[in-house]
There are 2 protein chains.
Amino acid sequence: MKTQLKKGVLDLCVLAVLDRGDSYAYELVNQLAQGMQISEGTIYPLMRRLQAEAWVETYLVESSAGPSRKYYRLTAAGRAELDAMRREWRDFVSEVDLVLSPAPQTEEALS
Amino acid sequence: MKTQLKKGVLDLCVLAVLDRGDSYAYELVNQLAQGMQISEGTIYPLMRRLQAEAWVETYLVESSAGPSRKYYRLTAAGRAELDAMRREWRDFVSEVDLVLSPAPQTEEALS
DNA sequence: CGCCATACCTTGCAATGCAAGGTATCGTGC
DNA sequence: GCACGATACCTTGCATTGCAAGGTATGGCG
């Protein structure tokens with residue numbers, strides 16, 4: 001999957017996944033990696049940004065099969081942002097599809 | 001419109017517009033700027049990239065209202081690339097929409 | 001001649017995805 | 001006990017690309 005296309009969409013995807021239930025970075029990578037391809041080097045800085053924006057908050061949970069997991073939970077602000085991003089995404093897709101669709105030829109263009 | 005979302009889509013949009021007829025950078029900006037917001041600082045490096053990939057070729061046309069225009073014409077390779085990019089775009093949108101759609105809850109998740 | 005629109009272009013910055021590499025914890029097998 | 005793989009965290013440096021800001025040149029108009 002083309003790297004550039006993902007820019008600006010991964011935030012949305014992560015928030016959407018978190019909206020279905022709390023999770024931690026390592027798990028998020030594995031979930032999203034199935035269809036989207038995303039690596040650890042991407043997710044950790046990303047989660048820091050989301051937290052810096054106060055869209056998520058964290059809590060530690062000890063694991064019986066490795067180090068403690070840092071779980072992320074959507075905040076109210078995060079949920080609001082998710083809604084806004086969903087709208088932006090829809091508008092963006094519409095806009096691009098409009099450009100991609102064959103333009104209705106004008107009368108003079110048909111000569 | 002969010003800057004990051006455009007990354008990787010502008011190539012596609014420009015190729016799609018050129019597929020409807022030759023054009024020059026200054027005009028492309030004005031056309032795309034209506035819905036997409038794109039500036040000159042973006043288009044000129046972009047056109048150079050497209051040309052470097054041999055997806056477009058150029059020819060000069062003198063204008064009666066300013067300096068000569070550098071027209072861009074899609075090459076056969078450019079048209080093939082456009083088709084490939086259209087498919088990538090569709091797949092990408094499907095993938096993101098899949099993540100955004102509420103996941104079908106599994107039996108155990110419903111406990 | 002000055003000014004605006006047209007039309008070209010470059011430089012430097014910001015954002016972000018990723019590969020590569022590093023650290024620590026836990027269970028399993030020897 | 002100890003090596004090893006899986007789990008889980010993290011950082012550094014690079015590549016790509018959109019954009020603001022600024023620069024140059026042409027042609028028509030007052």
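This one's a predicted model, so the numbers in the text were calculated from it and none came from an experiment. Note on naming: letters A, B, ... go to the chains in the order of the sequence lines (proteins, then strands), and numbering restarts at 1 for each one. Side chains included, hydrogens not; waters and symmetry mates left out as well; all remaining heavy atoms used.
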For C:dA14, does either OP1 or OP2 sit under 4.0 Å from a side-chain N or O belonging to A:Arg49? no
List in chain and number order the residues that pass side-chain hydrogen bond (donor to acceptor under 3.5 Å, both in side chains) with A:Glu27, two or more places apart in sequence or in another chain; answer none if no residue qualifies. A:Ser23
Close side-chain approach of A:Val29 to A:Thr42, heavy-atom, < 4.5 Å: no
Interatomic spacing from CD in A:Gln31 to CZ in A:Arg20 - rounded to 0.5 Å: 7.5 Å
Without decimals, in angstroms, what is the distance between A:Arg69 CZ and D:dA8 P? 4 Å
Please list, in numerical order, the residues of residues 53-60 of chain B that have a heavy atom closer than 4.0 Å to any atom of DNA chain C. none
Which ones in residues 1-13 of chain A lie close to DNA chain D, meaning a heavy atom under 4.0 Å from one of its atoms? A:Gln4, A:Lys7
Please round to the nearest 0.5 Å and tell me the distance separating atom CG of B:Leu82 and atom CG of B:Leu12. 6.5 Å
Quick test of your reading: applying ring pair (Phe, Tyr, Trp, His ring centres under 6.0 Å), list the pairs with at least one residue in residues 54-88 of chain B, sequence neighbours left out, ordered by first then second residue. B:Tyr24-B:Tyr71, B:Tyr59-B:Tyr71
For each nucleotide in nucleotides 19-30 of chain C, reading 5' to 3', give B when a protein heavy atom comes within less than 4.0 Å of its base, S when such contact involves only the sugar-phosphate, and - otherwise. BB----BSS---
Sequence neighbours excluded, which residues qualify as side-chain hydrogen bond (donor to acceptor under 3.5 Å, both in side chains) partners of B:Arg73? B:Glu57
Which of residues 78-90 of chain B have a heavy atom under 4.0 Å from DNA chain C? none
Would you say that A:Cys13 contacts A:Leu32 through its side chain, given a criterion of any heavy-atom pair below 4.5 Å between the two side chains? yes
Listing, residues 87-100 of chain B side-chain donor-acceptor contacts under 3.5 Å, not counting sequence neighbours, or none:
unit_1: B:Glu88; atom_1: OE1; unit_2: A:Lys2; atom_2: NZ; d: 3.0
unit_1: B:Trp89; atom_1: NE1; unit_2: A:Asp97; atom_2: OD1; d: 2.9
unit_1: B:Ser94; atom_1: OG; unit_2: B:Arg90; atom_2: O; d: 3.0
unit_1: B:Asp97; atom_1: OD1; unit_2: A:Trp89; atom_2: NE1; d: 2.9

Validation row: A:Lys7, B:Leu5 side chains within 4.5 angstrom (heavy atoms): no
Expressed in angstrom and rounded to an integer, what is the separation of A:Arg48 atom CZ from C:dG17 atom C1'? 17 Å
Report yes or no: does B:Asp22 contribute a side-chain atom to a donor-acceptor pair with the main-chain N or O of B:Leu18 at less than 3.5 Å? no
Verify, without hydrogens or angle tests, whether B:Thr75 (side chain) and B:Ala54 (backbone) share a donor-acceptor contact under 3.5 angstrom. yes
Report the distance from atom CG of A:Leu46 to atom C1' of C:dG17, rounded to the nearest whole Å. 9 Å
Return each pair, listed once, that meets salt bridge (Lys or Arg N to Asp or Glu O under 4.0 Å) where at least one residue sits in residues 39-51 of chain B; pairs must be two or more places apart or across chains. none
For C:dC8, does OP1 or OP2 lie under 4.0 Å from any side-chain N or O of B:Tyr44? yes
Over 12 foreign heavy atoms within 6.0 Å of CD, B:Glu53: yes
Nucleic acid contacts of residues 21-36 of chain A, taken as heavy-atom distances under 4.0 Å to DNA chain C: none
State plainly whether one hydrophobic cluster holds both A:Ile43 and A:Met1, where clusters connect Ile, Leu, Val, Met, Phe, Trp and Tyr through side-chain heavy atoms under 4.5 angstrom apart. yes
Any side-chain heavy-atom pair from A:Met85 and A:Leu15 closer than 4.5 angstrom? yes
Once you round it to whole Å, what is the distance between C1' of C:dT6 and NZ of B:Lys70? 16 Å
By salt bridge (Lys or Arg N to Asp or Glu O under 4.0 Å), A:Arg79 pairs with (sequence neighbours left out) A:Asp19
